[in-house]
Peer 1: 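Got a structure here, written out as structure tokens. Questions coming.
Every number for a ligand or one of its atoms is a count from 1 in the order of the listing.
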Amino acid sequence: MQRIGVLTSGGDAPGMNSCIRAVVRKAIYHGMEVIGIKRGYSGFIDADMGPMNLGSVADIIHRGGTILHTARSQRFQTKEGRAQAMENVRRFGIQGLVVIGGDGSFTGASIFHQEHGIPVVGVPGTIDNDISGTDYTIGFDTALNNVVDAINKIRDTATSHERTFVIEVMGRNSGNIALAAGLAGGAESILVPEILFNIEDICHKLLSGHKRGKLHSIILVAEGAASGLTIGQQIKDLTGFDTKVTILGHLQRGGIPSAFDRILAARLGAKAVELLMAGDSGKMVGVRSGEVVASDLQEILGKPCPINDEMYQLAKILSI
Ligand code: F6P
């Protein structure tokens with residue numbers, strides 16, 4: 001393989017730049033050329049791409065976001081859009097593709113691979129940690145630390161004013177960010193889409209805690225479970241407590257990637273290049289029990305990625 005393409009797609013995630021750097025440098029190390037494709041599949045279709053060199057990825061290892069920019073492309077979901085992208089594959093002499101993104105991006109990559117036969121390897125990059133086939137996705141650890149940092153700050157006000165705080169976090173249909181942040185941040189209740197909750201039970205717990213002298217509480221709500229605003233209003237109505245709501249939003253996705261995410265990104269990016277060099281295709285790289293592994297895209301796509309029940313039960317016990 002002489003020339004590969006690399007793109008980032010879907011929501012940006014901290015560590016994507018570290019991954020681009022790994023892909024570019026590993027490929028160049030092995031004598032290959034790299035084409036950087038801008039704005040995900042949009043740039044792929046519009047031929048918004050060009051050669052990258054060692055210098056293109058200098059000084060990006062510690063930067064959040066993605067230097068290649070990203071997008072969610074509707075056009076790539078059409079046969080015509082993918083055919084246009086294939087035209088550009090021929091025009092730019094791309095022989096293999098590394099797609100850094102989430103589940104939606106991999107669905108596109110898999111269809112493209114099946115339709116046009118171009119070798120494709122996916123690297124999981126999303127803060128949601130909702131992809132089967134890997135214990136961690138690039139960006140999750142940084143986002144988690146961003147949320148825990150916010151909880152620490154909110155705690156100061158919660159304690160000082162003796163308030164109940166509802167904090168809504170991202171994660172799309174996954175409760176992984178909420179669960180991990182809730183456990184790390186000592187939340188009283190964690191609402192995740194994977195587990196049914198009852199607002200009366202939550203309020204009952206708050207009220208009995210209050211009777212015991214607990215004067216402030218933090219409730220973490222995954223955006224896929226409920227709206228933080230609704231939960232906040234319901235708690236106020238049912239308990240009469242001074243309840244505030246904070247929606248962390250895109251603050252969670254930004255900032256300097258953690259060392260964990262950078263190391264993960266470097267290992268996964270390099271492995272993706274190795275797979276392409278070995279003639280592998282239709283794969284996703286991941287990390288399982290500390291080891292870098294590869295799975296068939298077909299096997300992991302759309303597969304549920306359950307939350308860790310042991311962690312959920314533990315969070316309940318510790319927040320008694
Ligand atoms: O997939 C990452 C993510 O941040 C989700 O947690 C969230 O639901 C979504 O992207 C937000 O997307 P956007 O940035 O397009 O509003």
Peer 1: Quick one: look up the protein heavy atom nearest atom 10 (O) of ligand 1 and list residue, atom name and how far away it is.
Peer 2: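 Nearest neighbour among protein heavy atoms for atom 10 (O) of ligand 1, to 0.1 Å: Arg253 NH1, 3.1 Å.
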Peer 1: Which protein non-hydrogen atom lies closest to atom 9 (C) of ligand 1, naming both residue and atom, and how far is it?
Peer 2: Arg172 NH2, 3.6 Å
Peer 1: Closer than 4.0 Å to some heavy atom of Gly171 - which atoms of ligand 1 meet that?
Peer 2: 6 (O)
Peer 1: Provide the number and element of each atom of ligand 1 under 4.0 Å from a heavy atom of His250.
Peer 2: 13 (P), 14 (O), 16 (O)
Peer 1: Just jot down the ligand 1 atoms closer than 4.0 angstrom to any heavy atom of Glu223, in number order.
Peer 2: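 The atoms of ligand 1 under 4.0 Å from a heavy atom of Glu223 are 5 (C), 6 (O), 7 (C), 8 (O).
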Peer 1: Heavy-atom contacts under 4.0 Å between Arg72 and ligand 1: side chain, backbone, both, or neither?
Peer 2: side chain
Peer 1: Does His69 form a side-chain hydrogen bond (donor to acceptor under 3.5 Å, both in side chains) with Thr8? I'd like the steps, not just the answer.
Peer 2: CA-CA 7 Å; His69 301 257; Thr8 47; over 6 Å; no
Peer 1: Hey, can you tell me if Phe76 and Phe44 have their rings parallel, tilted or perpendicular (30° and 60° cut-offs)?
Peer 2: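 Phe76 and Phe44: tilted rings.
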Peer 1: Please list, in number order, the atoms of ligand 1 under 4.0 Å from a heavy atom of Ile127.
Peer 2: 4 (O)
Peer 1: Any side-chain donor-acceptor pair under 3.5 Å between Asn53 and Ser56?
Peer 2: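 Yes, a side-chain donor-acceptor pair sits under 3.5 Å.
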Peer 1: What I want to check is whether the side chains of Thr66 and Asp12 have a donor and an acceptor closer together than 3.5 Å.
Peer 2: no
Peer 1: Verify the ring-centre separation between Phe260 and Tyr136: is it less than 6.0 angstrom?
Peer 2: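 They qualify: ring centres under 6.0 Å apart.
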Peer 1: Note the single closest protein heavy atom to atom 6 (O) of ligand 1, along with its residue, its atom name and the distance in Å.
Peer 2: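 Scanning the protein heavy atoms, the shortest distance from atom 6 (O) of ligand 1 goes to Asp128 OD1, 2.7 Å.
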Peer 1: Within the 3.5 Å criterion, strictly below it, is a donor on Ser258 or Asp141 matched to an acceptor on the partner's side chain?
Peer 2: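 Yes, Asp141 and Ser258 have a side-chain donor paired with an acceptor closer than 3.5 Å.
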